[in-house]
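Some notes on the structure that comes next.
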Amino acid sequence: MKVLRKIYIVVFIGACFSLFLLMPFSHSDMTAEKREAAQLPSIKTEDGKLNMDYFDELTSYFSDNFAFRQELATTDARIKSTVFHTSNQEKVVVGKNGWLYFNGSLNDYFGRNLLNKREIYAVSKTVALMQEYAESKGARFIFAVAPNKNTLYPENMPDNYLAATGDTNIECLGEQLAETKVRGYVSVQTGGRPEVTSELPVEQSINYVDLQTEFLAQDKILYHKWDSHWNNEGAAFACDKLLSSIDKFHYDYSNEPYTVEADHSGDVWQLIYPSWRCLDENVEYEKTHTYTYLNPVESVEDMFIVTSCPEGEGSVVMFRDSFGNALLPYIADEYEKGLFMKGMPLNVKQVEQQQADTLIFEIVERNIPNIIAYLPVMDAPARHLEGEDIIDVSEKLRETVLEYEDKVSQVVIYGELNPEFVNTDTDVFLEVITPDGTFNYYEATPAAYIKPDEGADMSYYYGAYLNKELAPEGSEVRVVYGTDDEFYGAKKIVLSYN
């Protein structure tokens, strides 16, 4: 018996050491995790000092690079998912009937850590200001939220995962968007670039395409089984709803012949089964795409993609996330020129630079909070507050934070409001008094210039980009915020540029 125990110990230790000894002959592909494998650390830092994090970095290196990492992880995942119906990967939820879900959507599914009413208003207001800017530059605007997979198809979530009973971010935002009005001086046309007028101010609704309602109304599944995104049929369906909202003529795929092919590598599948190649089914239409890339592109995952399609008409700028990967080809086919951008903050000024006639903003449900976590880059619109009574609250103990950063031709003014004077629908303005004594007002965006920590309350952030010609050096600036006839003014600062 003692001999058997010794043999077992030797074999066990040998097996463990083999995982490290064979590391030079094994390669860890971290593509599915969207990161690079940890590198072997150095005992000294670049400046010659002792690396105090050496052992932590060494642990990460072995964790990422031991031999047969993917194969062992896949084997472990298959056993746990098959026998125990659970996941060994924190980013993956193993559902029923072989379905896989992305863990990042669970806050929405459970109804936890949701945005409060003020934050929902701030999101809606930010979108409204983006639409106003786009339309002031002659472009039509489309905003859409791609629903999480388990929002549309909860029936295959695990039985012990109980869905929220109240409204989540996507429902609350949809209701608020319907109430929020866009201020501007624009007459929107159905063909070509809209004509911008400046005769009378108008109020109009946000052009929000409610994809949640549209997808739920379909009697077929339009998302992948092993991926967190819609399939090609879902992307074509979304494209139709987006472009129909601005009455743009486009190709209708609803009657287009197609086949179903097992040719899609699911992102969630790759996370949980990294060495098990099994392709998800996808719809493949007979009609081929006709757009081409005008810049070097490795894949639709690229952050910056420029397209051309001679058969298309007009120019589009599209802000997108990973749901835009499948959507991009259908949008690109409809426009002669396209610019597709990923990442935050959103540079809304690209609309003017590209002379685009359409701006599309697509974001997935689970990323709704990011809309106010990153201040969009766009000029703050001028407003008229001269007739309003502004109550000076600059001596309050909790002062409004007012800071600024000197840009090349612009200044960005940002900070946090005093919560004591903020209601759900409080709007934020900047009062700028130029050195010659001229008073001007501009509306700020209720979004953070410096990204807050994840889960932080974003109710009180604001920011605005101003051209330095409108706020020259020596100008006095203060924040004015309120609702209707009750406005509060913060302490003034003087702008000084480098």
Side-chain angles (χ1 to χ4, degrees), residues 121-122 125-126 128-130 132-133 136-137 182-185 198-201 203 345 348-349 352 372 375-423 425-450 459-498:
Y121 178 81
K125 186 68 174 181
T126 298
L129 290 170
M130 288 177 62
E132 178 180 345
Y133 180 86
S136 73
K137 303 303 178 184
V182 178
R183 299 173 65 178
Y185 299 83
S198 58
E199 297 177 358
L200 294 173
E203 276 197 346
V348 190
K349 300 189 78 170
E352 182 178 18
I372 54 174
L375 178 67
V377 181
M378 58 186 177
D379 297 328
R383 296 291 188 246
H384 301 283
L385 295 182
E386 289 87 343
E388 308 291 352
D389 292 329
I390 300 174
I391 304 170
D392 186 355
V393 293
S394 60
E395 301 304 322
K396 289 293 181 179
L397 292 178
R398 184 169 182 180
E399 176 60 282
T400 293
V401 177
L402 176 59
E403 301 182 55
Y404 70 97
E405 185 172 321
D406 183 7
K407 299 288 187 180
V408 176
S409 60
Q410 289 184 306
V411 56
V412 57
I413 301 172
Y414 63 95
E416 295 179 60
L417 305 175
N418 186 332
E420 182 180 350
F421 305 101
V422 177
N423 297 319
D425 56 350
T426 295
D427 292 328
V428 190
F429 306 90
L430 296 175
E431 179 187 75
V432 179
I433 308 174
T434 58
D436 63 4
T438 302
F439 279 71
N440 290 301
Y441 293 88
Y442 305 92
E443 184 163 3
T445 302
Y449 176 61
I450 299 175
S459 301
Y460 310 108
Y461 291 103
Y462 71 89
Y465 283 87
L466 289 178
N467 191 300
K468 286 183 180 178
E469 293 181 358
L470 302 177
E473 185 168 21
S475 297
E476 292 184 339
V477 178
R478 72 167 173 169
V479 180
V480 176
Y481 51 106
T483 306
D484 297 328
D485 296 326
E486 192 170 66
F487 289 87
Y488 303 96
K491 188 179 295 184
K492 295 178 182 178
I493 64 170
V494 178
L495 301 180
S496 177
Y497 302 135
N498 295 326

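Positions are given from 1, in the same order as the sequence printed here.
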Pairing residues for Lys468 by the salt bridge (charged side-chain N to carboxylate O under 4.0 Å, His left out) criterion, not counting sequence neighbours: Asp406
ring-ring contact (aromatic ring centres under 6.0 Å, His included) against Tyr442, all qualifying residues, sequence neighbours excluded: none
Closest contact, heavy atoms only, Pro376 versus Tyr465: O-CE1, 3.6 Å
Over all atoms of both residues, closest heavy-atom pair of Tyr462 and Ala444: CD1-CB, 4.2 Å
With sequence neighbours excluded, residues passing side-chain hydrogen bond (donor to acceptor under 3.5 Å, both in side chains) with Glu476: none
Closest contact, heavy atoms only, Gly489 versus Ile390: N-CG2, 3.5 Å
Pairwise salt bridge (charged side-chain N to carboxylate O under 4.0 Å, His left out) hits with a residue in residues 409-423, at least two apart: none
Validation row: Met378, Lys137 side chains within 4.5 angstrom (heavy atoms): no
Full working for side-chain contact (heavy atoms from CB on, under 4.5 Å) between Glu352 and Tyr133: CA-CA 9 Å; Glu352 182 178 18; Tyr133 180 86; 3.5 Å; yes
For Ala471, side chain to side chain contact (heavy atoms under 4.5 Å, CB included) partners two or more places apart: Val411, Val432, Leu466, Leu495, Tyr497
Gap between atom OG1 of Thr483 and atom OH of Tyr488 - 0.5 Å precision: 8.5 Å
Distance (rounded to the nearest 0.5 Å) between Phe439 CZ and Ile433 CD1: 3.5 Å
Rounded distance [0.5 Å steps], CG in Leu375 versus OG1 in Thr126: 8.0 Å
Steps toward side-chain contact (heavy atoms from CB on, under 4.5 Å) verdict (Ile372, Tyr461): CA-CA 8 Å; Ile372 54 174; Tyr461 291 103; over 6 Å; no
All ring-ring contact (aromatic ring centres under 6.0 Å, His included) counterparts of Tyr460, not counting sequence neighbours: none
Residues in salt bridge (charged side-chain N to carboxylate O under 4.0 Å, His left out) contact with Glu403, at least two apart in sequence or another chain: none
Set of side chain to side chain contact (heavy atoms under 4.5 Å, CB included) partners for Ser409, sequence neighbours left out: none
side-chain hydrogen bond (donor to acceptor under 3.5 Å, both in side chains) involving Thr426 - partner list, sequence neighbours excluded: none
Residues forming a side chain to side chain contact (heavy atoms under 4.5 Å, CB included) with Asp427, sequence neighbours excluded: Tyr121, Lys125, Phe429, Glu443
Separation between NZ of Lys491 and CG of Leu402, rounded to the nearest 0.5 Å: 10.5 Å
With sequence neighbours excluded, residues passing salt bridge (charged side-chain N to carboxylate O under 4.0 Å, His left out) with Asp392: none
Under the side chain to side chain contact (heavy atoms under 4.5 Å, CB included) test, residues paired with Ile450 that sit two or more places apart: Tyr414
Over all atoms of both residues, closest heavy-atom pair of Tyr481 and Val428: CB-CA, 4.1 Å
Separation between CZ of Arg478 and CG of Leu430, rounded to the nearest 0.5 Å: 11.5 Å
Student check: side-chain heavy atoms of Pro419 and Ser459 closer than 4.5 Å: no
Inter-residue atom distance Glu405.CD - Ile413.CD1, 0.5 Å rounding: 12.0 Å
Side-chain heavy atoms of Tyr404 within contact of Val477, under 4.5 Å: no
Shortest non-hydrogen contact from Thr434 toward Pro472: CG2-CD, 4.0 Å
Nearest heavy atoms of Asn418 and Thr400, plus distance in Å: N-OG1, 3.4 Å
